[in-house]
Amino acid sequence: MENISSHQLFILNGFNELGVLRPILFLPFFLMFVLSLVANSLLLYVVISHRSLHSPMNILMAGMAGVDISLPLFFVPNMLLSFLSDWKGISLIGCLVQMHFIHFTGAFQSTLLLWMGLDRYYAICTPLYYHECMALPRFLKFVIPLVIRNFLLNTVMVALAGRLSFCATNVINHCFCEHMALVQLACGSTAVNNLVGLLTVFLIPVADFIFITASYVVIFSSVLRSGRSGVKAIHTCVTHIVVITISLTTALLAFLSYRIRNLLPAAVRVFFSTMYLLFPSCFNPIIYGIRSTEIREQILKTLSC
């Protein structure tokens with residue numbers, strides 16, 4: 001029997017349903033990309049260049065800004081070029097590399113949100129031991145295992161996707177290489193891939209969110225017991241809660257759009273999945289700048305120079 005060859009070149013064909021209107025998407029996505037780069041670069045520069053802002057929480061915000069700069073760089077430039085030209089091709093190896101970078105960086109974003117939640121827990125519930133708990137050695141002992149978790153789970157997920165045979169169509173109805181979008185093109189069984197994909201979702205963002213929720217349950221219980229003296233402390237948590245809400249909402253919409261794909265147009269699924277990566281990168285630094293008085297004042301001084 002003749003062997004069936006597997007595709008090694010794929011076409012990223014997201015938003016193809018728009019036809020001749022597809023190039024119009026270049027402008028809004030380009031503006032969001034520029035906003036993400038400028039706002040996050042400014043936040044990162046302000047925090048790094050002013051020693052007065054080198055508190056643990058501000059450093060974590062700067063880390064989030066670094067992630068928010070990196071994530072769009074992995075897919076937005078190619079996506080913008082595809083809107084204006086016929087350059088839509090990507091090799092299987094290139095697709096897997098892009099997929100790994102996107103998912104690993106997104107997982108690290110979840111890890112940073114978890115550490116921000118613990119930072120608020122230490123600051124409000126154990127203020128006397130805050131600096132000891134947030135010291136660099138203890139920080140690394142917490143972060144390194146989670147980074148290893150993120151790397152191993154995403155590497156296994158991507159490696160399993162690379163072992164599939166793609167003998168039918170080579171057209172990915174997406175603007176970048178997303179795991180489920182690629183796996184759906186496989187001509188063999190994808191049960192293991194679906195299982196590993198779900199485990200990765202539950203062991204990284206869902207598990208992180210459970211720990212974040214638990215930390216805030218303890219925080220609010222502590223504040224309620226302390227009376228009016230603890231009300232001011234809640235203000236410091238609002239920024240983190242807003243960022244988590246935005247990240248969780250966009251992630252949930254992207255996840256559900258693939259689970260109910262028969263009920264949604266393909267362009268809607270692609271839009272939700274793209275916004276999951278791009279929208280938080282645009283608005284996280286704006287939220288930090290508005291909510292953090294110290295950062296806002298330094299940004300205004302920097303812009304007025």
Side-chain angles (χ1 to χ4, degrees), residues 32-50 52-76 101-123 133-134 136 138-140 142-147 149-151 154 204-209 211-213 215-216 235-252 254 274-299 302:
M32 291 184 71
F33 181 53
V34 172
L35 175 61
S36 172
L37 293 182
V38 172
N40 285 292
S41 297
L42 180 60
L43 176 62
L44 195 59
Y45 167 77
V46 166
V47 173
I48 291 176
S49 61
H50 294 85
S52 61
L53 297 178
H54 288 184
S55 65
M57 190 60 171
N58 288 338
I59 292 174
L60 288 171
M61 289 182 184
M64 184 66 76
V67 170
D68 288 339
I69 290 174
S70 303
L71 199 52
L73 289 175
F74 294 136
F75 73 97
V76 174
F101 274 119
I102 289 175
H103 286 287
F104 177 70
T105 307
F108 190 68
Q109 190 176 50
S110 174
T111 300
L112 282 173
L113 288 173
L114 172 58
W115 191 246
M116 287 180 179
L118 291 178
D119 173 272
R120 293 300 83 203
Y121 166 79
Y122 290 136
C133 293
M134 293 299 294
L136 182 60
R138 191 159 184 172
F139 174 80
L140 292 177
F142 175 83
V143 167
I144 290 176
L146 294 182
V147 172
R149 173 203 66 174
N150 299 347
F151 179 80
N154 282 294
I204 299 180
V206 173
D208 290 351
F209 177 72
F211 279 107
I212 293 170
T213 303
S215 68
Y216 272 104
H235 178 80
T236 63
C237 301
V238 173
T239 300
H240 187 228
I241 293 173
V242 171
V243 170
I244 291 174
T245 302
I246 292 175
S247 298
L248 181 65
T249 301
T250 53
L252 184 62
T274 305
M275 286 297 101
Y276 159 59
L277 300 178
L278 193 54
F279 186 83
S281 295
C282 291
F283 289 94
N284 283 351
I286 296 175
I287 294 168
Y288 294 143
I290 292 174
R291 295 293 308 176
S292 175
T293 304
E294 294 177 323
I295 292 178
R296 182 174 67 249
E297 291 177 350
Q298 292 296 342
I299 288 177
T302 301

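Basis for what follows: all heavy atoms, side chains included, without hydrogens, waters or symmetry-related copies.
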Is Arg149 close to Thr111 at the side-chain level, that is, under 4.5 Å between some pair of heavy atoms?
yes

For the CZ atom of Phe33 and the CZ atom of Phe75, what is their distance to the nearest 0.5 Å?
9.0 Å

CD1 of Ile212 to CD1 of Ile241: how many Å apart, nearest 0.5 Å?
10.5 Å

How long is the straight-line distance from OG1 of Thr302 back to CD1 of Ile295, given to the nearest 0.5 Å?
11.5 Å

Over all atoms of both residues, closest heavy-atom pair of Gly106 and Leu71
N-CD1, 4.2 Å

So Val243 and Pro280, do their side chains get closer than 4.5 Å, heavy atoms only?
no

Any donor-acceptor pair under 3.5 Å linking the side chain of Asn58 with the backbone of Leu53?
yes

Donor-acceptor check, side chain of Asn40 to backbone of Ser281, threshold 3.5 angstrom: yes or no?
yes

Near Phe139 CZ, under 6.0 Å, is it more than 12 heavy atoms from other residues, nucleotides or ligands?
yes

Spatial distance of atom CZ (Phe283) from atom CD1 (Ile246) [nearest 0.5 Å]
8.0 Å

Just how far is it from atom OG1 of Thr249 to atom CD1 of Ile244, taken to the nearest 0.5 Å?
11.0 Å

Return the CD to OH distance between Gln298 and Tyr45, rounded to the nearest 0.5 Å.
10.0 Å

Can you find a pair of side-chain heavy atoms, one from Leu43 and one from Asn284, that are under 4.5 Å apart?
no

Taking all non-hydrogen atoms of both residues into account, name the closest pair between Ser110 and Pro205 and its distance.
OG-CA, 3.6 Å

In terms of heavy-atom contacts, Tyr216 and Cys237 come closest through CE2-CB, 3.5 Å

Of all heavy-atom pairs linking Met64 and Gln109, the shortest is SD-CG, 3.4 Å

Could you check whether any side-chain N or O of Ser70 sits under 3.5 Å from a backbone N or O of Gly66, counting only pairs where one atom can act as donor and the other as acceptor?
yes

Check: Ser292 side chain, Gly289 main-chain N or O, donor-acceptor pair, under 3.5 Å
no

Qualifying residues under side-chain hydrogen bond (donor to acceptor under 3.5 Å, both in side chains), relative to Thr105, sequence neighbours excluded:
none

State, yes or no, whether a side-chain contact exists between Ile286 and Leu35 at a heavy-atom distance under 4.5 Å.
yes

For a 4.5 angstrom cut-off between non-hydrogen side-chain atoms, does Leu112 reach Trp115?
no

Going by heavy atoms in the side chains, are Met134 and Leu60 under 4.5 Å from each other?
yes

Measure up the Phe101 and Phe74 rings against each other and bin them: parallel (under 30°), tilted (30 to 60°), perpendicular (over 60°).
parallel

